[in-house]
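Here's the structure we're looking at; comments come further down.
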Amino acid sequence: MHITETVLRDANQSLMATRLPLSDFKDVLDLMDKAGYHSVECWGGATFDSCLRYLGEDPWERLRTIKSHMKNTKLQMLLRGQNLLGYRHYSDDTVRRFVRKSIENGMDIIRIFDALNDMRNIRTAVDECLKAGGHAQGTICYTLSPIHNLEMYVGLGKEIEAMGCNSLCIKDMAGIMSPKECFDLVSALKAEIKLPIYVHTHATTGLGAMTYLKAAEAGAAGIDCATSCFAGGTSQPATESLTYTLSQMGFDCGVDRDVLKKVNDYFVPIRDKFIAEGTLDPYVLGTKADALTYQIPGGMLSNLVAQLKAQNALDRLDEVLLETPRVRRDLGYPPLVTPLSQMVGVQATVNVLVGERYKNVGKEIKAYIRGEYGKAPGPIDPALAAKVLGDEKPMTGRFAETIAPEFPEAEKYLGERAQSEEDVLSYIAFPQQAEQYFAKRDSEKPLKATYSIKEVQ
Ligand code: CO
C-alpha cells in the first residue's frame with residue numbers, strides 16, 4: 001500500500017491556510033526522504049499562490065530545494081487542470097509550459113483534476129505531463145448528488161484510462177465518502193479499468209480513517225495521510241495510525257516507523273508555534289459530522305461564516321445552508337471544490353441577503369452558465385439559464401481554445417524583471433503577487449545573477 005505524506009501541501013493548506021514557509025521544513029527533508037513514503041505531496045494546490053502572496057518565496061525555488069533533498073521519494077503536486085494553480089482558465093501554451101517546467105524543476109507525479117470532472121479540461125495538462133516524462137494521475141472529484149452514481153464515476157475512470165494516465169485518484173475534498181461508498185467505488189473501478197487507484201480524503205467528518213481501511217480492502221494502490229501532529233480535522237488521517245493498522249492487516253506500506261516518529265517529533269513544535277500565533281485554529285482539528293448533513297466541504301463552511309460575519313448577518317447562516325444545495329442543484333450539481341465551492345457559496349449568500357433568488361447573479365456564475373468552465377455535470381435550471389443567457393447560446397467547445405497564447409506577451413511586458421521562464425509563468429498565474437515578489441527580490445539582491453535550471457539541479 002503506497003503512502004503519500006501530505007504535511008507540506010494538503011495538511012498545511014487545510015489546517016493553516018498554507019502558511020508553512022520553506023525555512024520551517026527545509027531541515028526535515030533529508031529525514032522525510034528516509035521514511036519510505038511512496039511520495040510526498042509538497043507543491044501545487046494553494047502553495048504557489050501562498051509563496052508569492054504571503055511568504056515572499058519563489059515557489060519554483062521551493063520546489064528545487066525540496067527536490068535536492070529528496071533523492072528516494074517521489075514528489076507529488078496537485079494541479080487544477082486548465083486552471084493550473086489559479087482560478088481562471090489559461091491558454092494551452094501556458095498550461096503546457098507550466099507542466100513542463102514543473103517536471104523540469106523536480107516534480108514526479110502530477111495529480112490533475114477539473115472541478116466539474118470535465119475531462120476535456122485536464123487533457124492538455126495530462127498530455128504534456130506524459131510528454132515531459134512525468135507521472136500523470138487523472139482525478140475524479142467525488143461528490144454526492146442525485147446524478148452522481150457508480151456508473152458515472154466508472155465512465156469518468158474509463159476516460160482517464162483512455163487518455164493515457166498512469167494512475168487514477170478518487171479525490172474526496174470534503175471527507176464525505178463513507179467506508180462503504182469507497183469500497184463500492186474502488187471495486188467498481190477496478191472491475192472496469194486497469195489503472196492503480198489512489199484514494200484521497202480528509203478526516204473532517206470522522207470517516208476518513210475507516211474509508212482508507214475499506215479502500216485498502218477493495219484493492220486501492222495508495223492513500224494520502226498526514227504526519228499525526230498535522231493530521232485529523234480538515235486535514236488527512238494520521239500516517240502513523242494508518243500504517244500501523246494496515247501493516248497488521250497484511251498491507252505492506254514500506255515505511256520505517258522510527259523515521260515516521262522522528263518526522264512527527266520535528267513538526268510538533270512547528271504546529272505549536274502556529275497554534276500560539278493563531279495561524280492554526282485548533283477548531284479545525286475537531287470532527288465536524290455536520291458536513292454529512294450539509295454535504296459541503298469544511299473549508300466552504302468556514303468561508304460562508306466569514307462572509308456572513310463581514311456582512312453582520314451571521315444569524316442568516318441556517319438560511320444560507322439551506323440555499324447552498326438549491327443553488328448547486330440549479331447549476332447541475334457541480335462538485336463543491338475550488339473554484340465552484342466559492343462560487344456556489346457566494347451566490348447562495350447573495351440570494352439570501354438580497355431576499356430574491358438570482359436578482360444579482362455573480363459574473364463567475366454567468367460564465368459558468370455560458371459554459372466557460374466546461375460542461376456542467378447535470379442540466380442547469382432552464383429558468384436560470386434563460387435569465388443569464390437571453391438569446392445567447394452556451395459554449396459547447398473547450399473555452400481554452402478561445403484564449404490566445406499568453407506567454408509571449410507576458411514575457412515582453414516583464415522584460416528584464418523576469419529572470420527565467422518560470423518567472424513569466426508565475427506572473428501569468430498571479431500577476432499582482434508575482435510583480436510584488438519580483439520587486440521585493442530586486443530590492444534585496446539587485447545584482448542577483450540570472451539562473452538556469454541546470455545550474456541549480
Ligand atoms: Co484534499
Side-chain angles (χ1 to χ4, degrees), residues 2-20 37-50 75-81 83-85 87 109-117 122 137-144 167-178 181-182 185-186 197-212 215 220 222-228 230-239 242 280 284-285 287-288 291-292 295-303 334-342 345:
H2 287 164
I3 302 295
T4 297
E5 170 61 51
T6 67
V7 63
L8 303 183
R9 205 290 295 178
D10 205 352
N12 167 25
Q13 181 171 333
S14 301
L15 295 181
M16 41 182 264
T18 334
R19 296 298 203 276
L20 190 65
Y37 309 124
H38 166 67
S39 62
V40 170
E41 194 197 39
C42 60
W43 210 63
T47 61
F48 196 94
D49 186 0
S50 180
L75 303 191
Q76 187 168 323
M77 71 177 288
L78 181 67
L79 189 86
R80 292 194 273 270
N83 295 355
L84 295 175
L85 305 175
Y87 308 104
I109 302 171
I110 309 189
R111 176 177 290 168
I112 306 167
F113 78 97
D114 174 65
L116 297 177
N117 286 325
I122 72 167
Q137 187 170 88
T139 304
I140 296 172
C141 291
Y142 183 81
T143 190
L144 294 165
S167 61
L168 180 151
C169 171
I170 303 166
K171 175 180 164 64
D172 173 19
M173 46 281 166
I176 53 170
M177 179 166 51
S178 74
E181 287 160 359
C182 179
L185 179 51
V186 172
I197 295 167
Y198 289 80
V199 177
H200 173 88
T201 191
H202 289 251
T204 323
T205 62
L207 301 181
M210 297 184 281
T211 298
Y212 278 160
I223 53 172
D224 291 359
C225 301
T227 192
S228 55
F230 270 94
T234 50
S235 176
Q236 270 73 49
T239 310
L242 258 299
L280 199 170
V284 299
L285 294 167
T287 301
K288 312 286 183 302
L292 295 172
Q295 297 185 350
I296 66 173
M300 186 176 167
L301 189 58
S302 49
N303 275 349
L336 294 175
V337 62
T338 302
L340 265 301
S341 47
Q342 290 84 340

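Keep in mind that what you see is a predicted model, and the values were worked out from it rather than measured. In each ligand, atom 1 is the first atom listed, and ligand 1 is the first ligand listed.
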Hits for ring-ring contact (aromatic ring centres under 6.0 Å, His included) against Phe48, two or more places apart or cross-chain, chain-then-number order -> Trp43, Trp60, Phe98

Sequence neighbours excluded, the answer for salt bridge (Lys or Arg N to Asp or Glu O under 4.0 Å) partners of Arg9 is Glu41

Shortest non-hydrogen pair, Ala226 vs Thr6, comes out as CB-OG1, 3.5 Å

inquiry  = As a quick check of understanding, evaluate ring-ring contact (aromatic ring centres under 6.0 Å, His included) for His38 and Tyr198, giving each step before the final call.
reply    = CA-CA 11 Å; His38 166 67; Tyr198 289 80; 5.8 Å; yes

*asked:* Under a 4.0 Å threshold between the charged nitrogen and the carboxylate oxygen, would Lys171 count as salt-bridged to Asp10?
replied: no

Given a cut-off of 2.8 Å, the protein N, O or S atoms lying below it from the Co ion (ligand 1) are Asp10 OD2, His200 NE2, His202 NE2

Sequence neighbours excluded, the answer for side-chain hydrogen bond (donor to acceptor under 3.5 Å, both in side chains) partners of Thr143 is Arg328

